[in-house]
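Here the structure is laid out as structure tokens; the discussion comes afterwards.
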Amino acid sequence: MCHAVLFRYLYFSAGLLLLCCTTELQAATTEPPNKLIELQFSTGEWPPFISAALPHQGVVAHLIHDIFAEMGYQVSFTFLPWARAYHDTVNGKYAATAVWMDSADRKHDFFYSDAVLDEQFVFFHRQQMAFDWQQLRDLRGLQIGGGLGYSYGPAFDQALNSGLFSISRVASTEQNFRRLAAGRIDVFAEEISVGYYTLNNQLPELASAISHHPRPLLINQSFLLLPRNSPDSEQLLARFNQQLQHFKQSGRYQAYFDSLAQGRYQ
């Protein structure tokens, strides 16, 4: 082969190799990254745990979002009245709904996750009231404020039905705090984080006049619900529970609620 032909051959081969490498490099740099699979969840307003108006949509929404992100999913929450959130999720519009307390009738429609949230219900009372209790019989004769249609546990319900004390129910936490401050009820049973969020954000003029007893009345749990009629629910639930357990064991789970106590979801 003459030098001129050999030179042209080598030049063409080098150019072809450069073109191939450049094409491969462009393909590698322009290839889209792995995208998270989108999931739509329903929920309702329950500050400070979950609310459209809060940073990260509240501590529970933040936790659920991050757990699913670790699993490769992008969760978006749609805020609805609670009854509609339930109905629309049962009927296939949403992949899950968050978060709900244990109820036998709901288990006909949904699979329950492991507990996402531990709620602590306490008695709020006026600062100037010398209030102490260790057993339910210590509440004898008191007028207790509560929420409509809400159970504060079997033991409480039994004591209430026996006439040990009475309960006066209204629709909102805010109403109960106003009644408590005015002396129309003696104590008010409410989840501690919900109570102080309501005082500090909706009734700051009453916050300094109201305290709580440290003894819990009820430790309650809430759960993520996935519809039984969805073919993906069982596998998704198993993966979520596994990741939730990992968050708890590693300390990541508690960090969210430490941040809540420090006011970072206000």
Side-chain angles (χ1 to χ4, degrees), residues 43-54 58-60 79 81-83 99-103 117-222 257-266:
T43 189
E45 287 286 332
W46 192 30
F49 297 126
I50 194 160
S51 173
L54 294 178
V59 62
V60 168
F79 285 81
W82 285 102
V99 286
W100 299 77
M101 292 177 288
D102 191 13
S103 173
L117 172 66
D118 290 330
E119 306 147 34
Q120 179 176 296
F121 284 78
V122 298
F123 285 117
F124 287 87
H125 61 89
R126 294 180 297 280
Q127 282 276 15
Q128 69 270 25
M129 178 184 177
F131 172 68
D132 187 28
W133 81 286
Q134 298 301 319
Q135 300 180 23
L136 287 172
R137 64 171 177 260
D138 298 330
L139 305 174
R140 185 181 301 276
L142 293 184
Q143 176 82 336
I144 298 173
L148 292 176
Y150 199 90
S151 170
Y152 298 96
F156 181 94
D157 292 344
Q158 184 177 358
L160 174 63
N161 293 334
S162 73
L164 185 66
F165 46 77
S166 60
I167 189 167
S168 174
R169 301 178 183 270
V170 292
S172 73
T173 298
E174 182 178 351
Q175 285 177 283
N176 269 311
F177 275 132
R178 291 191 185 279
R179 296 195 305 155
L180 182 62
R184 294 197 293 272
I185 54 176
D186 298 308
V187 295
F188 165 42
E190 179 57 279
E191 203 286 327
I192 188 169
S193 296
V194 172
Y196 279 112
Y197 178 87
T198 302
L199 282 173
N200 294 330
N201 290 274
Q202 298 178 24
L203 300 167
E205 69 279 9
L206 301 182
S208 62
I210 293 175
S211 185
H212 77 280
H213 192 281
R215 180 177 178 79
L217 167 64
L218 174 68
I219 302 296
N220 195 44
Q221 293 181 319
S222 288
F257 294 94
D258 291 343
S259 293
L260 174 66
Q262 294 161 9
R264 295 178 184 171
Y265 290 94
Q266 299 291 329

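Numbering starts at 1 and runs along the sequence shown.
- In summary, the aromatic rings of Tyr196 and Phe124 are positioned with their centroids under 6.0 Å apart.
- Phe121 CZ to Ile192 CD1: the interatomic distance, rounded to the nearest 0.5 Å, is 11.5 Å.
- Atom-to-atom distance recorded for Gln143:CD and Phe165:CZ is 11.0 Å, nearest 0.5 angstrom.
- Judged by distance alone, the side chains of Arg184 and Ser168 never bring a donor and an acceptor atom under 3.5 Å apart.
- A pairwise comparison of heavy atoms in Leu260 and Ser193 identifies CD2-OG, 4.1 Å as the closest pair.
- What you find for Ala189 and Leu217 is that their closest heavy atoms are CB-CD2, 3.8 Å.
- Taking the side chain as every heavy atom from C-beta outward, Tyr152 and Ile167 approach each other to under 4.5 Å.
- The backbone N or O of Ile210 lies less than 3.5 Å from no partner atom in the side chain of Arg126, so there is not a single donor-acceptor pair.
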Verdict with supporting geometry, Leu218 and Phe156, side-chain contact (heavy atoms from CB on, under 4.5 Å): CA-CA 9 Å; Leu218 174 68; Phe156 181 94; over 6 Å; no
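- Scanning both residues, Pro204 and Gln202, for their nearest heavy atoms gives CD-C, 3.4 Å.
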Derivation and outcome, side-chain contact (heavy atoms from CB on, under 4.5 Å), residues Phe49 and Leu54: CA-CA 9 Å; Phe49 297 126; Leu54 294 178; over 6 Å; no
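- When side chains are defined from C-beta on, Ser259 does not count as touching Val59, because their heavy atoms never get closer than 4.5 Å.
- With Asn176 as the fixed residue, the side-chain hydrogen bond (donor to acceptor under 3.5 Å, both in side chains) test singles out one of Arg178, Glu174, Arg179: Arg179.
- Residues Tyr197 and Thr173 have side chains not in contact (no heavy-atom distance under 4.5 Å, counting atoms from C-beta outward).
- Aromatic rings of Tyr265 and Phe257 (six-membered ring for Trp) have centroids beyond the 6.0 Å cut-off, not under it.
- Looking at Asp186 and His125, their side chains never bring a donor and an acceptor atom within 3.5 Å of each other.
- Paired with Ser222 under the rule side chain to side chain contact (heavy atoms under 4.5 Å, CB included), one option of Leu117, Ile50, Asp102 passes, and it is Leu117.
- Within the model, atoms CD of Glu191 and OG1 of Thr198 stand 10.0 Å from one another, a figure rounded to the nearest 0.5 Å.
- The aromatic rings of Trp133 and Phe123 stand perpendicular to each other, their planes meeting at an angle above 60°, with 30° marking the opposite boundary.
- The main-chain N or O of Gln158 is never found under 3.5 Å from a side-chain atom of Asn161 such that the two would form a donor-acceptor pair.
- In terms of heavy-atom proximity, Asp138 sits nearest to Asp132 at CB-O, 4.4 Å.
- Going from atom CG of Asn220 over to atom CD of Gln120 covers 11.5 Å, rounded to the nearest 0.5 Å.
- Rounded to the nearest 0.5 angstrom, Leu206 CG and Gln127 CD are separated by 12.0 Å.
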Verdict with supporting geometry, Val194 and Glu119, side-chain contact (heavy atoms from CB on, under 4.5 Å): CA-CA 9 Å; Val194 172; Glu119 306 147 34; over 6 Å; no
Trp100 and Trp82: CA distance, side-chain angles, deciding distance, ring-ring contact (aromatic ring centres under 6.0 Å, His included) verdict: CA-CA 10 Å; Trp100 299 77; Trp82 285 102; 5.1 Å; yes
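- Expressed to the nearest 0.5 Å, how far NE2 of His213 lies from CD of Gln134 amounts to 5.5 Å.
- Of all heavy-atom pairs spanning Ser51 and Pro47, the tightest one is CB-CB, 4.0 Å.
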Test log, rule side-chain contact (heavy atoms from CB on, under 4.5 Å), inputs Leu139 and Phe131: CA-CA 10 Å; Leu139 305 174; Phe131 172 68; 3.9 Å; yes
